[in-house]
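Here the structure comes first, spelled out in structure tokens, and everything after it is commentary.
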Amino acid sequence: MSTSSVSKGCFVFKPSTKKKKHLGLEDHFTGGCEGAQNSGKRYKLCQDLWDQIKTDTEVSNILLDFTRKCSSTRQHGDWASQMRASEIPTAALVLGVNVPDHDMTFQSLSELLQQLVTPHVASLQAKECGGMKGLRRVLERLMGTTVTVDDDEEEEPEQTSTETHKSMHCSLGILCDWYKSKTRKSSTGTPGKKRSSPVKDELQQPPVVVIFKDLEAFNHRVLQDFILICSRYIERLPLMFIFGIATSPSTIQNMLPHSVSSLLCIELFQSLSCTQHLATVIDKLVLTSHFPFKLNGKVMQVLISIFLYHDFSVRNFIKGVQLALLEHFHSQPLSVLCCKKKEALANVMELSQRDLERIRQLPSFRRYTEKQDAQEKVNLMTDDTHLKVEFLFYDLRKYHKNYYPVLRCLHTLTSSLPRYPLGKQIRELHLICLEKTVWETEEYQSAMKLLRMLAKDELIASIQRCCGTLKPVKSKKMMNALIQMEEILTKIKQLDENAPPVDNSITSPVKSLSQKKTDLFQLQKTLLEMNETRRTKKLSPFETVRNEALELIDGLVKSHLSPPEAQTLYEVCYYTSSATVRRHLNATPRTSIQAALSNPYHYLQTEDGSVSNAAPDICIAYKLHLECGRLINLYDWLEAYATVASAAEGNDPDSDTFGKVDEVKHARFIQAVSELEFLGFIKSTKQKTDHVARLTWGGC
């Protein structure tokens with residue numbers, strides 16, 4: 001039966017045999033992006049930065065040292081170590097309950113173990129091991145073989161546990177023989193060839209590591225039996241367990257009796273919390289001048305908000321940075337200059353006429369040219385060679401080189417103040433500096449007033465922390481600032497000890513405020529008293545040096561912490577489309593569904609690009625239900641649907657069958673209503689049997 005219904009045709013008619021070409025990442029850069037003439041270089045730069053993100057955010061784990069130590073002790077240990085050789089080395093890794101990145105953590109750990117310690121690593125999840133036969137997957141993943149287990153046998157009764165144990169013993173015996181043959185081959189090697197891997201030289205008998213990703217979800221009895229069986233083979237097989245724990249280390253005691261837990265040599269490891277892990281990632285990717293790609297304040301705010309209020313996932317934060325990186329290099333032709341200094345210098349000389357015109361059209365470049373004299377302005381706007389020679393991108397590079405040390409210096413001074421006027425975390429201060437002129441904010445003025453109340457010991461400690469922040473920086477301006485801070489530090493330490501004592505209640509109320517609860521009213525009152533006292537009292541030598549130190553900090557802030565939008569050609573490195581990031585990472589499925597039902601032609605296109613003239617049945621039913629109230633009469637809804645469907649099929653309005661409900665239309669209507677109910681737009685109601693209740697209101 002032929003029909004024009006899209007919903008029925010997409011299930012009945014066979015698709016075309018022509019295969020669409022799937023475009024890869026490189027194809028998108030070379031074909032569909034703007035500025036295709038330098039797309040190859042942009043793709044290479046994007047790929048390098050993508051790999052750098054992956055490398056910088058890998059989980060470095062002390063479990064690697066634990067694994068090496070246990071294996072080395074087993075081979076070259078003393079008498080006490082040999083006495084403990086009957087125990088299985090076990091690492092209990094506590095990850096926390098609010099960490100949705102467990103899979104990424106264990107995947108990274110497994111890869112690092114295979115690369116640096118041992119090739120014999122098997123990861124298990126509780127859903128894969130409902131019974132003892134499910135644990136045969138250890139054998140599969142270690143030996144690279146396939147062990148077929150019937151589904152009916154997986155859920156075996158307890159009466160067959162003896163047979164299952166015998167089967168498991170047989171499997172571990174096979175694994176021991178396989179491991180022995182593998183280690184014999186690796187230790188013998190090929191004559192005339194040197195060993196290439198230092199791991200093989202150090203570990204002639206690499207351990208066999210079994211990772212239990214979600215220990216709490218494992219069946220207690222199955223886990224106990226598996227440990228008991230493995231303990232009998234510990235002399236032939238260097239087994240090692242890693243337990244992934246989400247709640248508490250006491251879980252091991254609750255799951256395993258003493259007779260089983262005594263077979264394990266357990267060492268506890270605590271993972272970083274989500275916020276600590278995020279701070280580490282931000283420090284490596286955002287708060288550094290070595291990573292040329294940058295995010296503006298709004299994009300950073302979106303990513304941090306999704307982390308704090310949605311999922312606590314560092315993995316999704318990294319995905320957001322990678323998404324912004326890909327979008328920036330795909331949509332910004334001048335991103336070819338977002339690279340290291342030598343590469344950028346070479347790419348500048350190869351810029352085309354069109355790229356130079358793009359530079360001249362940038363708002364930041366226009367602001368710069370307006371500040372130049374008439375002749376320089378003409379040269380920059382008309383002479384391509386002069387523009388390349390006087391390329392201003394390196395001013396932005398110098399800005400980043402000085403921005404981050406001063407940011408860290410300001411954070412070390414203000415993070416210990418009461419009520420954290422500029423934020424407790426450095427990312428909070430970074431967001432303020434990205435979006436505002438920080439020295440003009442009330443928070444900064446309040447912080448500087450509190451810093452003018454520091455005592456001598458507090459001021460010395462703060463300046464020493466700033467000096468430690470500036471020492472690794474090789475910038476000339478930062479080196480000069482470091483010399484000035486060290487001179488001020490020397491002055492403070494050399495103050496006359498015979499000078500009259502300073503009243504701590506006046507000079508250092510910060511110390512007394514931090515030792516007790518302080519409300520905003522008392523803090524304002526203390527600051528006003530300090531202002532009045534400072535006006536009437538002559539400054540002591542210490543107060544003079546303290547003001548000199550704060551003036552130096554204030555000068556550094558005003559010189560180097562201006563917003564990036566004020567820098568020339570900041571568009572080359574900074575990604576600014578926060579709406580794109582929010583749309584991809586924080587999706588709204590209801591809005592997408594409503595958009596598809598209201599405007600299906602945007603999604604349903606034929607292969608030649610033409611749009612179908614008939615809407616799907618569910619779209620017709622959806623639009624009709626928007627015209628109804630809280631309760632919808634099913635019969636009226638069906639008649640309206642039949643009329644619209646007949647018109648969509650092109651039937652003659654004057655014919656007797658136009659708008660009539662036949663079996664086909666009735667069945668299609670029932671299917672459309674069922675789909676709307678499944679999507680949550682309607683539900684059945686007991687108020688009227690032939691009615692349904694509407695659940696959503698408002699369109700897209």
Side-chain angles (χ1 to χ4, degrees), residues 54-55 58-75 87-95 101-129 134-147 168 171-187 195-215 217-218 222-223 226-227 229-231 233-234 236-245 264-269 271 315:
K54 185 178 179 181
T55 303
E58 281 184 349
V59 180
S60 58
N61 212 303
I62 55 176
L63 288 177
L64 300 178
D65 297 332
F66 171 77
T67 308
R68 292 194 186 98
K69 180 185 69 174
C70 292
S71 179
S72 177
T73 303
R74 177 185 175 89
Q75 298 179 41
E87 300 177 351
I88 303 176
T90 303
L93 179 59
V94 182
L95 295 171
D101 302 327
H102 288 184
D103 289 338
M104 183 187 69
T105 301
F106 284 116
Q107 180 182 356
S108 176
L109 173 61
S110 179
E111 292 175 355
L112 289 175
L113 285 172
Q114 290 177 341
Q115 293 173 3
L116 303 176
V117 180
T118 173
H120 313 308
V121 181
S123 298
L124 296 176
Q125 286 183 305
K127 63 182 180 181
E128 302 173 333
C129 307
L135 291 171
R136 289 183 180 177
R137 289 179 174 83
V138 176
L139 188 67
E140 296 179 7
R141 291 168 186 175
L142 289 174
M143 298 176 58
T145 59
T146 302
V147 179
M168 196 65 196
S171 300
L172 283 176
I174 296 173
L175 181 61
C176 291
D177 297 336
W178 172 85
Y179 178 81
K180 187 176 181 180
S181 64
K182 284 287 184 181
T183 53
R184 184 184 296 114
K185 290 180 181 179
S186 61
S187 60
R195 294 176 182 173
S196 59
S197 175
V199 177
K200 293 182 180 179
D201 296 335
E202 180 183 354
L203 303 176
Q204 295 181 359
Q205 294 182 348
V208 177
V209 181
V210 181
I211 301 175
F212 299 85
K213 291 184 177 181
D214 45 354
L215 183 69
F218 275 85
V222 172
L223 186 62
F226 181 74
I227 294 174
I229 295 173
C230 289
S231 64
Y233 292 87
I234 189 63
R236 299 172 55 191
L237 197 65
L239 286 167
M240 187 175 298
F241 294 159
I242 296 178
F243 290 163
I245 302 174
L264 305 176
C265 180
I266 302 175
E267 187 167 339
L268 184 64
F269 296 90
S271 174
R315 182 181 186 181

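Throughout, residue positions are numbered sequentially from 1 according to the sequence presented.
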(Q) Run the salt bridge (charged side-chain N to carboxylate O under 4.0 Å, His left out) test against Glu267 and tell me which residues pass, sequence neighbours left out. (A) Lys69
Does a side-chain heavy-atom distance below 4.5 Å link [X] with [Y]?
X: Cys230; Y: Ile88; answer: yes
X: Phe106; Y: Asp214; answer: no
X: Val121; Y: Leu109; answer: no
X: Val209; Y: Val117; answer: no
X: Arg68; Y: Leu116; answer: yes
X: Leu124; Y: Phe218; answer: yes
X: Gln125; Y: Asp103; answer: yes
X: Met143; Y: Ile174; answer: yes

Euclidean distance, [Y] [atom2] relative to [X] [atom1], rounded to 0.5 Å:
X: Ile227; Y: Ile234; atom1: CD1; atom2: CD1; answer: 11.5 Å
X: Phe66; Y: Thr90; atom1: CZ; atom2: OG1; answer: 7.0 Å
X: Lys213; Y: Ser110; atom1: NZ; atom2: OG; answer: 8.0 Å
X: Leu142; Y: Lys182; atom1: CG; atom2: NZ; answer: 11.5 Å
X: Leu172; Y: Ile229; atom1: CG; atom2: CD1; answer: 7.0 Å

So which atom in [X] and which in [Y] form the shortest heavy-atom distance, rounded to 0.1 Å?
X: Phe241; Y: Leu264; answer: CD1-CD2, 4.0 Å
X: Glu87; Y: Cys265; answer: OE1-CB, 3.3 Å
X: Ser123; Y: Glu128; answer: O-OE1, 4.3 Å
X: Pro207; Y: Thr118; answer: O-OG1, 2.7 Å

**Q.** Working for side-chain contact (heavy atoms from CB on, under 4.5 Å), residues Tyr233 and Tyr179
**A.** CA-CA 12 Å; Tyr233 292 87; Tyr179 178 81; over 6 Å; no
Q) Any Lys/Arg nitrogen of Asp177 or Lys180 sitting under 4.0 Å from an Asp/Glu carboxylate oxygen of the other? A) no
Q) Has the side chain of Ser181 got a donor or acceptor atom that lies under 3.5 Å from a matching backbone atom of Trp178? A)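 A pair under 3.5 Å: yes.
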